[in-house]
Amino acid sequence: MAARLIGRVLDRGFYARDARSLAPLLLNKILVHHDPDAGRLAVRIVEVEAYAGAEDEGSHGFRGLTKRNAAMFGPPGHLYVYFTYGMHWCANVVAGEDGLSSAVLLRAAAPVTGIETMRTRRAAARTDTDLCSGPARLTQALGLAGGHDGTDLTLTRAAVRLLDDGVPPPTDPTVTTRVGLRSGRGDEYPWRFFVPDDPNVSHGPKQ
DNA sequence: TTTCGGATTCACT
DNA sequence: GTGAATCCGAAAT
């Protein structure tokens, strides 16, 4: 029933570019979680935000290395998963060279495989386009949490992987400012990218 | 040790 | 469109 997923694992060099360059390239990539409880879950990424290193006040890395954000400072191609608002997990892909604190936040996706599991986990979702239409919704639907912080996405046996299945990123992605940042703390940078007119994109500022 | 505020979501008006 | 829920990490004391 489920269509066979064919795709190649992206290599380290793909992730090594800076976050602003990497972010739009992640659009239309496939995020797969081999969930020990639910089997294979997969989504197609449709919305991302770039967080760029030490000079970006909106980035967790702005205030330097801490135990929480250590994955951001590590080598590219790993997951950075953090807890926020006392109840939500958000997942990032680490970008840039080892030692730089840059990452791309995965904000929204389109369900591909395991939709029944996602509907169960996202009971509040009224429609399938609400299953992954926000950074914390995405992690909840896929079952990602703090235990996945630091996962190497480039390992073929990793529980979480990012695949290129041949669908290219949009040639003209929509670009806006980032969501949820305080005024003057990096909210002015146009570093949010999403697939134009995709119904799974989160409800952010004017699109 | 205490305080502060958050890369959000959901229910409700 | 508005506000409550909810708790951890980091900064301040």
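A note on names: the letters A, B, ... follow the listed sequences, proteins ahead of strands, and every chain is numbered from 1. Note that these values count all heavy atoms, side chains included, but never hydrogens, waters or copies made by symmetry. None of these values were measured; they are calculated from a predicted model.
Centroid-to-centroid, the aromatic rings of A:His60 and A:Tyr51 stay 6.0 Å apart or farther.
Of the listed nucleotides (B:dT8, C:dG9, B:dT9), C:dG9 has the atom at the smallest distance from the side chain of A:Arg68. Out of B:dA7, B:dT8, B:dC10, the shortest distance to the side chain of A:His60 is found at B:dA7. Nearest to the side chain of A:Ala124, among B:dT8, B:dA11, B:dA7, sits B:dA11.
Residue A:Arg63 places none of its side-chain N or O atoms closer than 4.0 Å to OP1 or OP2 of C:dG9. In this structure, A:Arg107 reaches the B:dT8 phosphate: one of its side-chain N or O atoms is under 4.0 Å from OP1 or OP2. Contact annotation: A:Arg192 side-chain N/O to B:dA7 OP1/OP2 distance is not under 4.0 Å.
For the pair A:Tyr85 OH and B:dT8 C1', the interatomic distance rounds to 6 Å; values are reported in whole Å. At whole-Å resolution of the value, CG in A:Leu131 and C1' in B:dT8 are 17 Å apart. When the C1' atom of B:dT8 is taken as reference, atom CD of A:Gln140 falls 11 Å away, rounded to whole Å. A:Asp130 places its CG atom 14 Å from the C1' atom of B:dA11, with the value rounded to the nearest Å. Between A:Met72 atom CE and C:dG9 atom C1' there is a gap of 15 Å when expressed in whole angstrom units. Atom-to-atom, CG of A:Asp187 to P of B:dT8 comes out at 13 Å; the value is rounded to the nearest Å. Rounded to an integer number of Å, the gap from A:Phe83 CZ to B:dT9 C1' is 13 Å. Between the CG atom of A:Leu144 and the P atom of B:dT8 there is a distance of 17 Å, rounded to whole Å.
Base pairing of C:dT6: no nucleotide in any strand meets the Watson-Crick or G-U wobble criterion (both distances under 3.5 Å).
One finds a salt bridge joining A:Arg137 and A:Asp130 here, because a Lys/Arg side-chain nitrogen approaches an Asp/Glu carboxylate oxygen to under 4.0 Å.
Side-chain atoms of A:Tyr82 and base atoms of B:dA7 include a donor and an acceptor less than 3.5 Å apart.
At a threshold of 4.0 angstrom between heavy atoms, the contacts of A:Arg122 are confined to the sugar-phosphate backbone, with no base atom among them. Among the heavy atoms of the strands lying under 4.0 Å from A:Gly58 is at least one base atom, whether or not backbone atoms are also near.
Residues A:Val201 and A:Ser133 share a closest heavy-atom pair of O-CB, 4.2 Å.
With no hydrogens or angles considered, no side-chain donor-acceptor pair links A:Arg121 and A:Gln140 at under 3.5 Å.
For the pair A:Thr177 and A:Glu188, the minimum side-chain heavy-atom distance is 4.5 Å or more.
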